[in-house]
Every structure is written in structure tokens, then in C-alpha cells.
Amino acid sequence: MTLIPIAVSAALFLALAALIVWYGYRAYAKPGQTLDHLAAPIVGLPENLSYHVQPDGGVRVRRFLQWVGEKVPPDPASASITKKQLFAAGFRSEAALPVFFALRVIATVGCALLVFSLSRFSAWQPVVRYVVTAFTGVLVFMLANLVLEILINRYHDILRSALPDALDLLVVAVEAGLGLDQAMWKVSEELALTHPEISREFNLVCLEMRTGVKRADALRNMAERTLESEIRKFVAIMVQTDKFGTSIAESLRVHSEFMRVRRRQIAEEKANKLGVKLTLVVFFFILPAILVIAAGPAFLRIFKFLLPAMRSVGNG
């Protein structure tokens, strides 16, 4: 019985430590390494140098997950929807779908086995252990889809915040005399470091147009890949501008200003909702602590002196 709280506490501690290390690496260590590489001097390699790059641990893990995911029998309808969601989250590799299936299966089976192993040390009935294990597996399976939705929203927020800067650069490039195709290619090159996500989307559009796809179809493909509302509006404006022959620079400038105003309004709306959302937090978490600190000594004195005195007066 005493092993279950210790095991749960250790698992939570390890999960929290892993989350902190992952966030620190993504937010601080990795950008610092990128800046160091950019600031480092360029050293030329000899022309006759031949070398062989060994696959690192990450590549091996990805290959293993891909192999496991390919062994999972997928539902065609569910696989198609999941693939679109992975595209919307920014995962465009062919291995993204089997890797996601593998991670979901491994997480589901691993958590179910962990709960079943821990439940053996408890006084639960076998039926209860099986029900709890099955419920844990279903919950983890559903949480995998929830995590995917969170990644999609995060990718959409990144695209939404980077789109006004991309539109401003498009306006500058178009007004400088470049065509729309060359302007999008130039913008994708300029934003490769600051906004790599929107740069990759523009780069894919340019590559599709170079392979012979019409500009309107390439832009619509970008909207279908990202499933982001602001990208859809941008694509609609570009298609209508190209169709009716109006000024592209003016349309992009107006849409960029509209997006900035809308982003400011959304921020103000969230700020105005903050007071209402904090009411429940203050009422249920902060106010009880204040009452305990302020009225606690008075209640203790009442229970210690006043109530015994009232009992003695009533008995007398």
C-alpha cells in the first residue's frame, strides 16, 4: 500500500523534470546554439574529404517508431483525418502518420500496464483493476488526439502572428517591382530565420508554382494544408486580386493593417475577460486563506474562552 503513493510521486516528479528540461532546451538552449552557429566563422572543407554521417539516436528512434506505426492496422477514414490534422500542425513528413500512431499505441499500452502493475499492490478487486486499466488506456488514447489539437492551435497561432510581417514584406517586394511569384520566394528567404513556419508555407507555394501548378491552386493548397482562418482570408484576397486585376500591394497593406487591429482587439478582449475569470480563483483559493489568517485567531479565542464560559453559565 505504501509503494503506490511513492511510485506516483516519483512518476509525477520525473514527468515534471522532463517537461522543464524539454522547455528549457526548446526555449533557451536551442536558440542559443543557433545564434552561436550563425556567429561562428565559416571554415572550408577540403575538396577531397569524404565522410560518412552516422544516424544519431533521434533518427534511430524515429525509424523504430515508424516501423511500429506501420505495423498498426489503421482505419482509412481515421488515418485520412489524422493526416490532415498532422499537416495542419506542421508535420509534413511521410513518417509523421506512422510515428503518431506508434506514439499513441506505446503511450496507451505503457500507461495501462503501469496502472495495472501499481494496482496489484492495492486491495482492489480484480474486476476493479481491469476496469481502471481499461479506462486509463482509453483516456490516454483520447489524450493523444487532444495533444494533437493543442499542437494545431499552437501552429495556427504562430502562423497568425507571423502573417502581418510577411504581408508587409510582400508589399515592399511588389512595390519594388517584383512579380508576385518572385516576391513570395523572396519573402520566404527573408523570413527563414525569424518566422520559419510561414517561410516554409510560402516556399511550398513557390515550389508548386514552379512545377506547373496554377497560382490560385497553389494558394488554395496552402489554405487546405494549414486549415487556418487568416491564411484562408489571405488566399481569398490573393485569388480575387489576381482574378479582377486590382492592386496587390494595396490589398495586402489593407489586410495587414486589418490583422493588426484585430489582434489588438483580441488582446483587449482577453484583458477585459481576465477580471471575470479571476473571480472564481479569488473566491475559492485566495479568499479562504485571507479569512483563515484574519479571522482564525478570533475564532480560536472564541472556542477557547467564550464557549466554555457560556457552557458554565448555562449549567449554573
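Since this is a predicted model, take the numbers as computed values, not measurements.
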Participant: Who are the salt bridge (Lys or Arg N to Asp or Glu O under 4.0 Å) partners of Lys83, not counting sequence neighbours?
Facilitator: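 Salt bridge (Lys or Arg N to Asp or Glu O under 4.0 Å) list for Lys83, sorted by chain: empty.
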Participant: Would you call Arg263 and Pro164 a side-chain contact if the rule is heavy atoms closer than 4.5 Å?
Facilitator: yes
Participant: Would you name the heavy atoms of Leu148 and Ala89 that are closest together and state the gap between them?
Facilitator: CD1-CB, 4.3 Å
Participant: Name the one of Lys214, Arg215, Arg220 that satisfies salt bridge (Lys or Arg N to Asp or Glu O under 4.0 Å) with Asp217?
Facilitator: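 For Asp217, the salt bridge (Lys or Arg N to Asp or Glu O under 4.0 Å) check succeeds only for Arg220.
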Participant: Where is the tightest heavy-atom contact between Gly137 and Thr108, given as atom of each residue plus distance?
Facilitator: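 Heavy atoms only, the tightest pair is O-CG2, 3.2 Å.
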Participant: Tracing side-chain links under 4.5 Å among I, L, V, M, F, W and Y, which residues wind up in one group with Phe285?
Facilitator: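 Its cluster partners, ordered by chain and number, are Leu280, Val281, Phe283, Phe284, Leu287, Leu291.
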Participant: Could you tell me whether the side chain of Leu151 reaches within less than 4.5 Å of the side chain of Phe91, counting heavy atoms only?
Facilitator: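 The answer is yes, as the side chains (C-beta and beyond) meet within the 4.5 Å cut-off.
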Participant: Is there a continuous path of hydrophobic side-chain contacts, each under 4.5 Å between heavy atoms, that joins Val239 to Leu180?
Facilitator: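 Val239 clusters together with Leu180.
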Participant: State, to 0.1 Å, how close Pro297 and Val292 come at their nearest heavy-atom pair, and which atoms those are.
Facilitator: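 Looking at all heavy atoms of both residues, the closest pair is CD-O, 4.2 Å.
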Participant: Please output the side-chain donor-acceptor pairs of residues 93-105 that fall under 3.5 Å, not counting sequence neighbours, one pair per line with the distance.
Facilitator:
from   : atom 1 : to     : atom 2 : distance (Å)
Ser93  : OG     : Ala95  : N      : 3.2
Arg104 : NH1    : Asn145 : OD1    : 3.2

Participant: List for me each residue that meets side-chain contact (heavy atoms from CB on, under 4.5 Å) alongside Gln182, sequence neighbours excluded, and say none if there are none.
Facilitator: Leu178
Participant: With sequence neighbours left out, write down each residue that passes side-chain contact (heavy atoms from CB on, under 4.5 Å) with Leu207, or none if nothing qualifies.
Facilitator: Trp185, Asn203
Participant: For the hydrophobic clusters of this structure (ILVMFWY residues joined by side-chain heavy atoms under 4.5 Å, transitively), does one cluster hold both Leu86 and Phe141?
Facilitator: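 No, it is not one cluster - the side chains of Leu86 and Phe141 are not joined through contacts under 4.5 Å.
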Participant: Excluding sequence neighbours, so at least two apart, what forms side-chain hydrogen bond (donor to acceptor under 3.5 Å, both in side chains) with Glu197?
Facilitator: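 Glu197: no side-chain hydrogen bond (donor to acceptor under 3.5 Å, both in side chains) contacts found.
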Participant: Roughly how far apart are Asn153 CG and Glu228 CD, rounded to 0.5 Å?
Facilitator: 10.0 Å
Participant: Within the structure provided, determine whether Met222 and Leu204 are in side-chain contact (heavy-atom separation under 4.5 Å).
Facilitator: no
Participant: With rounding to the nearest 0.5 Å, note down the distance linking CG in Leu118 to CG in Leu113.
Facilitator: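 The distance works out to 11.0 Å.
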Participant: Under a 4.5 Å side-chain heavy-atom rule over Ile, Leu, Val, Met, Phe, Trp and Tyr, are Ile158 and Leu167 clustered together?
Facilitator: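 Per the 4.5 Å side-chain linkage, Ile158 and Leu167 are not co-clustered.
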Participant: Any chance you could measure Met209, atom CE, to Asn221, atom CG, to the nearest 0.5 Å?
Facilitator: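 Between atom CE of Met209 and atom CG of Asn221 there are 11.0 Å.
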Participant: Compare all side-chain heavy atoms of Met184 with those of Glu201 and state whether any distance is below 4.5 angstrom.
Facilitator: no
Participant: Excluding sequence neighbours, so at least two apart, what forms side-chain contact (heavy atoms from CB on, under 4.5 Å) with Val127?
Facilitator: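 Partners of Val127 under the side-chain contact (heavy atoms from CB on, under 4.5 Å) test: Val131.
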Participant: Please give me the minimum heavy-atom distance between Pro288 and Val282, naming the atom from each residue.
Facilitator: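 Closest pair (atom of Pro288, atom of Val282, distance): CD-O, 4.3 Å.
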Participant: Given a cutoff of under 4.5 Å between side-chain heavy atoms of I, L, V, M, F, W and Y, with clusters grown through shared members, what are the other residues clustered with Val172?
Facilitator: none
Participant: Flag the pair Arg253 and Glu257 as a salt bridge only when some basic side-chain nitrogen lies within less than 4.0 angstrom of an acidic carboxylate oxygen.
Facilitator: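 The answer is no: the pair does not qualify as a salt bridge.
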Participant: Under a 4.5 Å cut-off applied to non-hydrogen side-chain atoms, are Leu252 and Met238 in contact?
Facilitator: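 They are in contact (side-chain heavy atoms under 4.5 Å apart), so the answer is yes.
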Participant: Are the side chains of Leu159 and Phe234 in contact, using a 4.5 Å heavy-atom criterion?
Facilitator: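 SC-SC contact between Phe234 and Leu159 ruled out.
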Participant: Can you list everything that forms a side-chain contact (heavy atoms from CB on, under 4.5 Å) with Lys243? Sequence neighbours excluded, please.
Facilitator: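 side-chain contact (heavy atoms from CB on, under 4.5 Å) check on Lys243 returns nothing, list empty.
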Participant: First locate atom CG of Leu191, then atom CD1 of Ile198, and finally report the distance between them rounded to the nearest 0.5 Å.
Facilitator: 8.0 Å
Participant: With Arg232, which residues qualify under side-chain hydrogen bond (donor to acceptor under 3.5 Å, both in side chains), at least two apart?
Facilitator: none
Participant: Looking at every heavy atom in both Tyr155 and Ala88, which two are closest together, and how far apart are they?
Facilitator: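 That closest heavy-atom pairing would be CD2-O, 3.1 Å.
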Participant: Do any N or O atoms from the side chain of Ser199 and from the backbone of Ser188 form a donor-acceptor pair under 3.5 angstrom?
Facilitator: yes
Participant: Please report the interatomic distance CG(Leu146) to CG(Leu139), rounded to the nearest 0.5 Å.
Facilitator: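 Result: 9.5 Å between the selected atoms.
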Participant: Applying salt bridge (Lys or Arg N to Asp or Glu O under 4.0 Å), run through Asp157 and Arg160 and close with a yes or a no.
Facilitator: CA-CA 5 Å; Asp157 291 338; Arg160 197 179 301 114; 2.7 Å; yes
Participant: Examine Leu163 and Ile237 and state if one hydrophobic cluster contains both, with Ile, Leu, Val, Met, Phe, Trp and Tyr joined whenever side-chain heavy atoms are less than 4.5 Å apart.
Facilitator: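 The answer is no; the residues belong to distinct hydrophobic clusters.
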Participant: Please round to the nearest 0.5 Å and tell me the distance separating atom CG of Leu227 and atom CD of Gln85.
Facilitator: 9.0 Å
Participant: Quick one: does Arg92's side chain get under 4.5 Å of Arg225's, heavy atoms only?
Facilitator: yes
Participant: Report the residues that fulfil side-chain hydrogen bond (donor to acceptor under 3.5 Å, both in side chains) with Asp165, sequence neighbours left out, ordered by chain and then residue number.
Facilitator: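 If we apply the side-chain hydrogen bond (donor to acceptor under 3.5 Å, both in side chains) test to Asp165, skipping adjacent residues, the hits are His195, Arg260.
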Participant: Might you point out which heavy atoms bring Ala218 and Val213 nearest each other, and give the distance in Å?
Facilitator: N-CG1, 3.8 Å
Participant: Taking the side chain as everything from C-beta on, heavy atoms only, tell me whether Glu189 gets closer than 4.5 Å to Lys186.
Facilitator: yes
Participant: Among residues at least two apart in sequence or on other chains, which ones pass side-chain hydrogen bond (donor to acceptor under 3.5 Å, both in side chains) with Glu268?
Facilitator: none
